[in-house]
Amino acid sequence: MEFKKRNGGPAMGGASQAKKGKMNTEWEDSPSQFEEELALFDEMEMEAESGEGQAGHDVIPEGDLFSADLNPRWKRPHAPPLQPISDTLIFQQIDLDYYLGSAVAGMPGQVQGKVPIVRMFGVTDSGNSVCCHVHGFAPYFYVPAPNGFINAHLAEFQRELNSAVLKDMRSNKDNIAVTVLAVDITKKESMYHYHGNKPLDFLRITMAMPRLIAPAKRLLEQGFKFANFATQSYQAYEANIDFEIRFMVDSDVVGCCWIELPKGKYRLREERSEGQTVSLCQYEVDVAWNHLVSHPAEEEWQRIAPLRVLSFDIECAGRKGVFPEPEIDPVIQIASMVQRQGEKEPFIRMVFTLQSCASIVGSQILCFTQEKLLLQSWAEFVRTVDPDIITGYNIQNFDLPYLLNRAATLKVTCFLLRFIYFDLFVCVCKSQVDKLSLAPEDFIKTPTGDLFVKSSVRKGLLPEILENLLSARKRAKAELKKETDPFKKQVLDGRQLALKISANSVYGFTGAQVGKLPCLEISQSVTGFGRQMIEQTKQLVESRYTISNGYQADAKVVYGDTDSVMVKLGVATVQETMNLGKEAADWVSSHFVPPIKLEFEKVYYPYLLINKKRYAGLYFSSNAEHHDKMDCKGIETVRRDNCPLVANLINTCLQNILIDRDPDGAVAHAKEVISDLLCNRIDISQLVITKELTRTAQEYAGKQAHVELAERCVFTHSTTWSSSCPNLYCASLNPYWARAKLRLAWNENDLY
DNA sequence: CGCTCGGCCTAA
DNA sequence: TTAGTTAGGCCGAGCG
């Protein structure tokens, strides 16, 4: 479940990112509009419930344990009987992992000892939960077959490798008898480089369990001998593929896709009492890996099952100034909401509190006199609600571990919830050009001198992946256009964005030094092409858009970085600049080989170019009458290693310059701020930003810290004027702690 | 004072 | 066990 793995919330930088335990000493929020809405909601809820004969109160008297009978609506929908012989089982898979377990009778694969079993958790259209055990899939990798290797050698190779791996084991807790399940010969080509479209013999080596892949690879690479073949090193291929991923690729399963188990092709585990089932799911089934059907996420298979999402947040009674510790500080409140995927409102809002608590609008409250009962009861609540997804702000790093540790400290029995806690390119070497007798028109040389064969000779793997991604995005965009349901629209928009990001990231991982598919030639060639294209664009634009060609001004490329160029076209209005910019982009594109093209993106007016990777400007994209925003790149205003005083000052000065067109006003403002600083009229919190400062302030805890910090800041500050450049104004502050150097400099020539 | 280096953060 | 990249600006520290 990806949602659970991630840290929630915005990045705030540094160690203080970790969620703080909250103190319950003060209530700072005043009644808000949100609360009024909740009150309204509550009234409606009351009315609805009284019709069903529900209790009207929302605060449950102290001491009551949560009971599943409290509200039957909270339970997952009843699961109708399932007949594997006549019923097809279809569910959306939301989590996938594997474990080592005993083979199940009637399922394929090894029978003896522990075998790897893939486990999928999912939800049906009717909201019933499914745990599906998938049998018979084993991990494998490849090595090139040595010269002279024939089928008759397979058995000997397998036997030798098997005993080598067995001998290599330090202990054999699982009593593994067989390590190498199979070896067969297949025709394959290495993805790296072009080999003249001639697949070679590779040995596909299937192991009994995933953790045997690494030792087998190591033994083969170190030098392996069998039969009459000399000791040699075998290079392993695809030995670094995670078992889950291997399974997903081979069975066409992708994240959160829909899975179909055809009738008659799976078994239902029924006897709960005999311990057959291992999960709390309503249906627990076994299936052979080659019998499950995975549906590509297109059309109706893009829908989302009615997943149950629990979000929660805990409050601890911390000691003053100390981060709460589960061994000491009690959990005093757990607020939980549960919502079904696709519904607008949560159908459960529950607050579990220690001691009494005022009524909270919109929520039901359970009060406890003992913390132990609170935790026990909440665990029971979660089991009843049976969420598919558990989420919350940083719960993975704070709330969940805290609850588990606290429950252990208090010796709460049955707290341990059954959380799923989730336990190329052508695929050329220069020396090969002669060998494979490639004609010059068969390959191209990139700006970095690397050679790639053209797709007419052999289409690479990466172009294939990219084409698939881009065409899938095209389809998603087309569906988005005709879709009217706003919710489905969101899903489709997310899908097309994800596909775009995936396509862009293809380049990224070829540059990774340690990764699944490193290829420096590709990443360097990509950047090389980028540089070349910028250069070409500059030549083209500056040669065509000139006064002598009848244009208003000589165009000038003012700035460019990696994949973009800023052109000063010299026309009077933003609208004219947009028109000319679009025309120029199309014209330049016509000089590039498709699908490469130059796109018009935006107009900056005015544009303050401070340095490479540092500029600001008013950003116009669609409407020439109004700028969308003041865009700042790389400047103090967007950097987090400056105190707010600096960012605010620079921001105001930029507004003066760009929006008000008043550079003198900017200087005046900067002088005023410096003067305020000198006269100690600046709020110290404007200077507090660095981690060190924040920490120091916490240590002092209280006003005393502010006084001390203020004294030190004023004591250490100094100002300097630059005599050489009247437009450069500089003041440095507190060199010891806060990086608070103010700098404001511009040159009229830099303003476009 | 000027230079280089490492640390940090951003652009793309 | 776990991992996208390079280019580049600015600051502070250390050195001669």
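None of these values were measured; they are calculated from a predicted model. Just so it is clear: chains get the letters A, B, ... in the order the sequence lines come, proteins before strands, and each one is counted from 1.
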field: Sugar-phosphate, base or nothing in reach of K613(A), heavy atoms under 4.0 Å
entry: base
Ring center gap for Y615(A) and Y607(A) short of 6.0 angstrom: yes
field: G-U wobble or Watson-Crick pairing nucleotide for dG4(C) (cut-off 3.5 Å, both distances)
entry: none
- request: Starting at atom CD1 of I534(A), determine the distance to atom P of dA7(C), rounded to an integer number of angstrom.
  value: 14 Å
- prompt: Given atom CG of D561(A) and atom C1' of dT6(C), what is their separation to the nearest angstrom?
  reply: 10 Å
- prompt: Looking at N611(A), does any N or O in its side chain come under 4.0 Å of the phosphate oxygens OP1/OP2 on dC10(C)?
  reply: yes
- prompt: Less than 6.0 Å separating the ring centroids of F243(A) and F137(A)?
  reply: yes
task: May I have the distance from R211(A) (atom CZ) to dT1(C) (atom C1'), rounded to whole angstrom?
output: 16 Å
- prompt: Within this structure, what is the CG-to-C1' distance between L609(A) and dG8(C), rounded to whole angstrom?
  reply: 14 Å
query: Atom CD1 of I635(A) and atom C1' of dG8(C): how far apart are they, to the nearest Å?
result: 15 Å
- request: Kindly give the heavy-atom pair with the smallest separation between R639(A) and G634(A), and that separation in Å.
  value: CD-O, 3.6 Å
message: Whole angstroms only, please: what is the CD1-P distance between I650(A) and dC10(C)?
response: 12 Å
Whole-Å distance separating the OH atom of Y615(A) from the C1' atom of dG8(C): 14 Å
- prompt: Of all the choices, dG8(C), dA11(B), dC10(C), which nucleotide is nearest to the side chain of K612(A) once you look at every atom?
  reply: dG8(C)
query: R639(A) side chain: which of dC10(C), dA11(B), dC8(B) is closest?
result: dC8(B)
- request: Send over the distance from R614(A) CZ to dC8(B) C1', rounded to a whole Å.
  value: 12 Å
message: Would K629(A) pass as a cation-pi partner of Y619(A), given that its NZ or CZ must be under 6.0 Å from the six-membered ring centre and within 45 degrees of the axis?
response: yes
